[in-house]
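Because only heavy atoms are used, hydrogens play no part in the values below, and waters and symmetry mates are left out as well, while side chains stay in.
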Amino acid sequence: MKPQSRLCIELPDWIAPLLPADPLPDPAARMALVLELASGNVQHGTGGPFAAAVFDSAHRLVAAGVNLVTTLSCSSAHAEIVALSLAEQAVGSYRLPPDHELVVSAEPCAMCLGAIPWSGVDRLLTSATDADVRAIGFDEGSKPDDWVGTLTRRGITVQREVLGSEGRAVLEAYRAAGGEIYNGHAALSGDAGD
C-alpha cells in the first residue's frame, strides 16, 4: 500500500443542501441543524451518529462536520474535529477568532474535549450526554469528572442537553439500525461482542 501524504476531508454530498445561508440566532435552531446532520449521517450510512457545527458571533454557520471515522478510515475524524478543522481552514487560521461557538450532537469524547480549548471557541452547546453515548456502546475515553469546569476555567461557556431527548433519539436510531460501534469496549479489546 502506497502511503498518502495528505488527508482530505470532504463532507458527504447530502449535507450541502441542508446548510443555512442565514444566521440562526436561537441556540435550539443551531442544535436542530446539528441533530439533522447527525440523523442524516445515520440515514445515509456515511458515518457515526454524531455531528457538529461552528458558528460565528453573528450566529452564521462557519463550518459543519459529521463523524467520518468509518468513511475515511480515520479514528480522529470525529464530528467536532471535522467541523473545527473546516472552520479553521475557512477563516485561514489554526485558531478561531473570539466569539465562535461549537455546537455538538453529543458531549465530547476525551479526544474532542482536548481539541476544544486549542480551537479558540469560547462557547460549547451539547445535546446527548456522555452517559447516553456510552449507553449505546461507544468508549468515550477518560475525561475529568468536572470537564465542564475545566472548560469554564479556560473561558469556554458550556450549555448542556440542548434538545437532549432529540440527541438521544439519534443515538438510539443508530443502534436500532445496527450502526457500527467502532470504538466500543469489544472493538478495543478484540472481543467479538456478546
Side-chain angles (χ1 to χ4, degrees), residues 4-27 29-128 133 138 140 151 154 156-159 162-163 167 170 174 182-183:
Q4 291 188 348
S5 61
R6 183 177 164 159
L7 173 66
C8 182
I9 298 173
E10 291 184 17
L11 295 176
D13 293 339
W14 60 264
I15 291 178
L18 301 177
L19 302 180
D22 296 329
L24 297 175
D26 180 31
R30 295 191 297 277
M31 183 60 74
L33 170 65
V34 167
L35 293 175
E36 183 178 14
L37 295 174
S39 181
N41 217 31
V42 173
Q43 293 168 1
H44 291 277
T46 48
F50 307 104
V54 174
F55 292 88
D56 67 15
S57 60
H59 309 299
R60 289 182 305 257
L61 179 67
V62 178
V66 293
N67 179 286
L68 298 171
V69 169
T70 57
T71 307
L72 293 180
S73 297
C74 179
S75 64
S76 63
H78 289 206
E80 296 94 330
I81 303 299
V82 171
L84 290 169
S85 298
L86 293 174
E88 290 163 354
Q89 288 182 349
V91 302
S93 174
Y94 59 86
R95 186 163 175 84
L96 295 169
D99 295 326
H100 276 64
E101 173 185 68
L102 177 63
V103 180
V104 297
S105 62
E107 292 178 349
C109 70
M111 176 181 67
C112 295
L113 179 63
I116 289 169
W118 291 342
S119 71
V121 297
D122 50 24
R123 184 166 163 81
L124 173 67
L125 268 64
T126 70
S127 183
V133 176
F138 282 99
E140 294 296 273
L151 291 179
R154 295 187 78 139
I156 301 168
T157 304
V158 179
Q159 184 176 350
V162 177
L163 303 180
V170 173
Y174 186 73
Y182 47 82
N183 73 340

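The number of heavy atoms from other shown groups lying within 6.0 Å of CG (D26) is above 12. Summarising the local packing, CD of E10 is surrounded by 12 or fewer heavy atoms from other residues, nucleotides or ligands at distances under 6.0 Å.
Remark: the backbone N or O of A106 is not paired with any side-chain donor or acceptor of T126 at under 3.5 angstrom. Under a 3.5 Å cut-off, the side chain of R30 and the backbone N or O of P25 do form a donor-acceptor pair. Remark: the backbone N or O of F138 is not paired with any side-chain donor or acceptor of N183 at under 3.5 angstrom.
The shortest heavy-atom contact between S105 and V34 is N-CG1, 3.6 Å. Contact detail for A79 and G65: the closest heavy-atom pair is CB-O, 3.9 Å. Of all heavy-atom pairs between P20 and L33, the closest is CD-CD2, 3.6 Å. Heavy-atom minimum distance, V170 versus P49: CG1-O, 3.8 Å. Between A38 and A51, the shortest heavy-atom distance links the atoms N-CB, 3.4 Å. Smallest separation of non-hydrogen atoms from C112 and E80: SG-OE1, 3.3 Å.
Checking each of L61, V62, D99 against F55 for a side-chain contact (heavy atoms from CB on, under 4.5 Å) leaves exactly one that passes, namely L61. The side-chain contact (heavy atoms from CB on, under 4.5 Å) test with R123 singles out one residue from T157, V158, L151, and that residue is T157.
Atom CG of residue L18 and atom CG of residue L11 lie 11.0 Å apart, to the nearest 0.5 angstrom. The CG atom of D22 sits 13.5 Å away from the NE2 atom of H59 when rounded to the nearest 0.5 Å. Taking OG of S119 as the reference point, atom CD1 of I156 lies at 6.5 Å (rounded to 0.5 Å). Note that CG of L96 is 9.0 Å distant from CG of L102, once rounded to the nearest 0.5 Å. Here L84 contributes atom CG and W118 contributes atom CH2; the two are 12.5 Å apart, rounded to the nearest 0.5 Å. Taking CD1 of I116 as the reference point, atom CE of M111 lies at 10.5 Å (rounded to 0.5 Å).
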For this session: Decide yes or no on side chain to side chain contact (heavy atoms under 4.5 Å, CB included) for V133 and E107, but give the supporting numbers first.
Result: CA-CA 8 Å; V133 176; E107 292 178 349; over 6 Å; no
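Side-chain contact check for D56 versus P23: every heavy-atom pair is 4.5 Å or farther apart.
For E140, there are no salt bridge (charged side-chain N to carboxylate O under 4.0 Å, His left out) partners, not counting sequence neighbours. Take H44 and apply the ring-ring contact (aromatic ring centres under 6.0 Å, His included) test, not counting sequence neighbours, and it matches W14.
Side chains of Y182 and N67: a donor-acceptor N/O pair is present below 3.5 angstrom, by distance only.
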